[in-house]
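Just so it is clear, the values below take in all heavy atoms, side chains as well, and ignore hydrogens, waters and symmetry mates. Residues: numbered from 1 along the sequence shown. It should be emphasised that the depicted structure is a prediction, and the values quoted were computed from it without experimental measurement.
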Amino acid sequence: QVQLVESGGGLVQAGGSLRLSCAASGRTFGNYAMGWFRQAPGKEREFVAAINWSGGSTYYGDSVKGRFTISRDNAKNTVYLQMDSLKPEDTAVYSCAADTKGSLTVRLGVADYWGQGTQVTVSS
């Protein structure tokens with residue numbers, strides 16, 4: 001099992017940047033594909049980004065391509081989401097997800113493990 005704890009959310013002006021972190025417990029972090037999702041009030045959960053176990057493959061939702069970057073540090077059991085050029089429509093609770101079955105499972109939103117989420121608010 002793995003426990004996921006997100007951090008780094010907050011309030012930022014449009015055009016600004018934030019970096020989210022997701023720290024995972026356990027000694028087998030390198031076996032997990034990781035991802036980020038977000039959910040705004042009244043909207044469905046949306047795929048943001050995913051990364052495979054090694055960090056060699058990354059995937060992004062259309063709405064964040066070119067602005068967000070996912071990365072991981074397996075030595076620190078942590079996955080990151082660098083968010084640049086933020087827009088008010090990026091406002092949401094951001095959650096990380098993990099699964100040993102690969103990045104497709106994560107991207108489909110059916111990962112086994114989820115964090116509680118961190119709030120990101122972008123003001124106009």
Side-chain angles (χ1 to χ4, degrees):
Q1 266 200 341
V2 64
Q3 291 185 323
L4 305 174
V5 179
E6 302 93 338
S7 62
L11 174 64
V12 64
Q13 287 189 332
S17 298
L18 280 175
R19 188 176 82 156
L20 305 184
S21 299
C22 174
S25 64
R27 295 173 291 179
T28 59
F29 178 74
N31 293 342
Y32 289 83
M34 304 292 296
W36 289 94
F37 284 77
R38 67 186 183 186
Q39 188 165 21
K43 294 188 176 181
E44 292 189 354
R45 187 172 63 191
E46 176 188 11
F47 168 70
V48 175
I51 189 166
N52 74 334
W53 67 273
S54 69
S57 296
T58 57
Y59 309 87
Y60 296 94
D62 288 342
S63 61
V64 306
K65 280 180 182 176
R67 300 188 298 122
F68 290 12
T69 304
I70 189 171
S71 62
R72 67 188 296 159
D73 185 336
N74 286 349
K76 295 182 178 180
N77 283 15
T78 302
V79 63
Y80 304 98
L81 185 68
Q82 177 66 41
M83 305 186 296
D84 298 319
S85 303
L86 282 161
K87 304 175 181 180
E89 51 263 44
D90 294 319
T91 295
V93 174
Y94 285 70
S95 300
C96 66
D99 203 293
T100 57
K101 294 186 290 296
S103 58
L104 178 59
T105 298
V106 172
R107 288 151 59 197
L108 291 174
V110 293
D112 284 341
Y113 303 103
W114 293 83
Q116 292 297 310
T118 185
Q119 176 71 45
V120 172
T121 302
V122 184
S123 63
S124 57

message = So does Asn52 get a backbone contact from the side chain of Tyr59, meaning a donor-acceptor N/O pair under 3.5 Å?
response = no
query = In terms of heavy-atom contacts, does CD of Gln116 have more than 12 from other residues, nucleotides or ligands at under 6.0 Å?
reply = no
query = Within a strict 4.5 Å, meaning less than it, do heavy atoms of the Met83 and Val48 side chains meet?
reply = no
key: Closest non-hydrogen atom pair between Ala33 and Gly102, with its separation   = CB-C, 3.4 Å
Interatomic spacing from CD in Gln119 to OG1 in Thr91 - rounded to 0.5 Å = 7.0 Å
task = Using the salt bridge (Lys or Arg N to Asp or Glu O under 4.0 Å) rule, collect all pairs that involve residues 64-75, keeping only residues at least two apart or in two chains.
result = Asp62-Lys65, Arg67-Asp90
query = Between CH2 of Trp53 and OG1 of Thr28, what distance do you get to the nearest 0.5 Å?
reply = 13.0 Å
key: From CA spacing to verdict: ring-ring contact (aromatic ring centres under 6.0 Å, His included), Phe37, Trp114   = CA-CA 10 Å; Phe37 284 77; Trp114 293 83; 5.1 Å; yes
message = Would the distance check show the side chain of Asp99 and the main-chain N or O of Asp112 forming a donor-acceptor pair, the cut-off being under 3.5 Å?
response = yes
task = Look at the side-chain heavy atoms of Ile, Leu, Val, Met, Phe, Trp and Tyr, link any pair under 4.5 Å apart, and say whether Tyr113 and Tyr80 land in one connected group.
result = no
Atom NZ of Lys101: over 12 foreign heavy atoms under 6.0 Å = yes
inquiry  = How long is the straight-line distance from OG of Ser7 back to OH of Tyr94, given to the nearest 0.5 Å?
reply    = 15.0 Å
task = Take Arg38 and Ser63 through the side-chain contact (heavy atoms from CB on, under 4.5 Å) test and state the conclusion after the steps.
result = CA-CA 12 Å; Arg38 67 186 183 186; Ser63 61; 3.2 Å; yes
inquiry  = Please find the pair of heavy atoms, one from Ala14 and one from Pro88, that lie closest to each other, and give the distance.
reply    = CB-CD, 4.1 Å
message = For the backbone of Gly109 and the side chain of Arg45, can you confirm whether one donor and one acceptor N or O come within less than 3.5 Å of each other?
response = yes
message = When you group the ILVMFWY residues by side-chain heavy-atom contacts below 4.5 Å and let the links chain together, are Val110 and Leu104 in the same group?
response = yes
inquiry  = Quick check against the 3.5 Å criterion: does Glu6 have a side-chain atom that pairs as donor or acceptor with the backbone of Cys96?
reply    = yes
query = Which is it for Glu89 and Val122 under the side-chain contact (heavy atoms from CB on, under 4.5 Å) test, yes or no, and what are the steps along the way?
reply = CA-CA 8 Å; Glu89 51 263 44; Val122 184; over 6 Å; no
note = Smallest heavy-atom separation, Ser123 atom then Leu11 atom, equals CB-CD1, 4.3 Å
inquiry  = Restricting to non-hydrogen atoms, name the atom on Val93 and the atom on Gly117 that form the minimum distance, rounded to 0.1 Å.
reply    = CG1-CA, 3.9 Å
request  = List the atom of Val2, the atom of Ala98, and the distance in Å for their closest heavy-atom pair.
outcome  = CG1-CB, 4.4 Å
ask   = For Leu4 and Cys22, which heavy atoms make the closest approach, and how far apart are they?
value = CB-SG, 3.9 Å
message = Would you say CD of Gln3 has more than 12 non-hydrogen atoms from neighbouring residues, nucleotides or ligands within 6.0 angstrom?
response = no
query = If you round to the nearest 0.5 Å, how far is CZ of Phe47 from OH of Tyr60?
reply = 9.0 Å
query = Any chain of hydrophobic side-chain contacts (each under 4.5 Å) joining Leu20 to Val106?
reply = no
task = Give, for atom OG1 of Thr69 and atom CZ of Arg19, the distance between the pair rounded to the nearest 0.5 Å.
result = 11.5 Å
ask   = Between atom OG of Ser124 and atom CD of Gln13, what is the distance when rounded to the nearest 0.5 Å?
value = 9.5 Å
